[in-house]
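Here the structure is laid out as structure tokens; the discussion comes afterwards.
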Amino acid sequence: MSDTLNFFFLLIGNGVLIGLMYALIALGFVLVYKATDAINFAQGEFVMIAAIVVSAALQAYGAPLWLAILIGLGGMIAFGFGLERSVLRPLLGRPIVAVIMATIGLAAILRGVGPLAFGTGVRNLPLPISEDPIFLGPFFLTPVQLVGAGVSLLFLAAFGWFFMKSRQGIAMRAVANNQQVAMAMGIHVERYFALAWAMAGVVSALGGVIWGSMLGVDVQLALVGLKVFPVVILGGLDSIVGAIVGGLIVGIVENVAAGYIDPYVGGGTKDFAPYALMILALMIRPYGIFGKRTIERV
Amino acid sequence: MSSPVARAAAGADAPQLTISNVSKHFGGVRAVTEVSVDVRRGELLSIIGPNGAGKTTVLNMVSGFFHPDSGTIHLGERDITQLAPSRIAELGVARTFQNIALFKGMTVLDNLMLGRHVRMRSGVFGSLIYWGLAQREEVKHRAQVEELIEFLKLQDLRKQPTGALAYGLQKRVELGRALALDPDILLLDEPMGGMNQEEKEDMARYVLDVNEERGTTVILIEHDMGVVMDISERVVVLDMGQKIAEGTPEEVKRNPDVIKAYLGQPHGTGANHA
């Protein structure tokens, strides 16, 4: 196989893995939007704060990795529940802008509180995974990315099952569909709101561990969350399948763009290519590839 | 139908639902003023009145979507005036909506199973831990939903997304979803609105069957006078937010206030908007 083709496959392969990891974080956003209609601008900060907690537990308190991850998960679940109860429930029934502003404010607070409580330095979040790349035909894969992509797939499948098959998942879809009617069915809507935020916490904790181990843990990690927007705009704000497809598209596009365009312009295409695509997508399919087409009717 | 002995034990004429002196104003609009209605166990009561008479507002107060500005609502002995809609549903009051409010994109079966939601015990974490238990519960509820599907003749539509169904069928699925709650009281907000004659007759038959065979108390809001007078045991008439008449269909039909409300005053002094 020619080198040019090999290079192309390399970019695609890495793009797919990175894309699945974007999808995991985007899932946190989608879960909240699907159930509560709230747009969470702090998703990246959720990931950051989870990574900070896990790495602090590992390093400052010497906890074993499994315990640190459990602490991260438990902490983020509690955070999700607490956030819903203290900030978002009082905003129920207010204009959607109020919720958006609240999450933007929350993002700023988290970016400030994280370093304040745990220090500003870049921390490591070492996972017991070999750093030797694996060669698979034309693909050249790093183990941590493989594990990250695997965990992402697992959770995307689990949440997909939850929404399609489980009683609570179906009830959550009902809440997302029509809150009033869900109430008339005896569904306690607030409980499902809280559950959605807690689930976003779980996803963020996992995303924090994976992304933190790859990029290092500091405030910059929150920037990963910015990639959520092209992912969910492309895939659809309320679709789990859309999060996967959107994640894959963003992962592949940014890798391919970086591979082919960066040499000529000196780098940086990775950071804006997904947004260029997002703007294009907004013009063509504003509800995303898999999103509900409600935007049309407004 | 409960036996005379049981009735006596429950206090012979103790109403199942007592709406007493409820008022609800929206800004300057007096939607409902001092309305009282006693609903007896097992009866089929209709609430009628011209548009804007406050019928749906009364229903919304009973099911907890609005809380009255004054007055109380009791379910048996229990004060439900300030309870949330989800609590009132748990207590056995189910409803349908004036505009079809099915969960679109979900199948008929999912919609009906959602009606069972309130009767299912296992929670999120419970169902993760006691997988088998949750499964068994699911099977039990599925069987009850199957009974409903048969009752409403929806057999062929189980897996159909509700959005794709014909209008009359959607209304029937919505009735089924309310029935899935196994309610003691069923509130129907214009279940026949927008239907053709044949669909209306079908729906009237189902409502009667629910009332007679299952013994469910039915409170019906309906515009079609023919249907209302045919199937109701008792009729309450609202006009401009106030109760103007109450009685059997025959009594109500002859009531001059009712005739006035529907036809306007004969000499044109402050005609009502019917």
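Predicted model only: the values in this text are computed from it and were never measured. Reminder, nothing fancy here: chain letters follow the sequence lines and each chain counts from 1.
- In terms of heavy-atom proximity, A:V181 sits nearest to B:A101 at CG2-CB, 3.3 Å.
- By the side-chain hydrogen bond (donor to acceptor under 3.5 Å, both in side chains) test, B:S70 is found to be paired with no residue, residues two or more places apart in sequence or in another chain being considered.
- For the set B:A89, B:G115, B:G105, the count of heavy-atom pairs under 4.5 angstrom toward chain A peaks at B:A89.
- Note that CD of A:Q168 and NE2 of B:H117 are 6.5 Å apart. Values are rounded to the nearest 0.5 Å.
- Formation of a donor-acceptor pair under 3.5 Å by the A:N178 side chain with backbone atoms of B:F103 is not found in this model.
- More than 12 heavy atoms of other residues, nucleotides or ligands sit less than 6.0 Å from atom CZ of B:R214.
- For the atom pair A:M164 CE and B:M106 CE, the distance stands at 9.0 Å (nearest 0.5 Å).
- The shortest heavy-atom contact between A:N177 and B:L102 is OD1-O, 4.3 Å.
- Contact annotation for A:R191: neither backbone nor side-chain heavy atoms come within less than 4.5 Å of a heavy atom of chain B.
- Between B:T107 atom OG1 and A:I170 atom CD1 the span is 7.5 Å, to the nearest 0.5 Å.
- Proximity to chain A at a heavy-atom threshold of 4.5 Å picks out B:R177, B:L181 from residues 171-191 of chain B, in numerical order.
- The 12-atom threshold is exceeded at CZ of B:R158, counting heavy atoms of other residues, nucleotides or ligands nearer than 6.0 Å.
- By the neighbour-count criterion of 12 heavy atoms within 6.0 Å, atom CZ of A:F155 is sparsely surrounded, having that number or fewer from other residues, nucleotides or ligands.
- Residue B:E77 qualifies as open at atom CD: its count of foreign heavy atoms under 6.0 Å is 12 or below.
- Closest of all the heavy-atom pairs between B:F65 and A:Q180 is CZ-O, 3.1 Å.
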Test log, rule side chain to side chain contact (heavy atoms under 4.5 Å, CB included), inputs A:H188 and B:E90: CA-CA 10 Å; A:H188 292 267; B:E90 282 178 339; 2.8 Å; yes
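- For the salt bridge (Lys or Arg N to Asp or Glu O under 4.0 Å) test, no residue two or more places apart in sequence or in another chain qualifies with A:D37.
- Listed by chain and number, the residues in a side-chain hydrogen bond (donor to acceptor under 3.5 Å, both in side chains) with B:D69 amount to none (sequence neighbours excluded).
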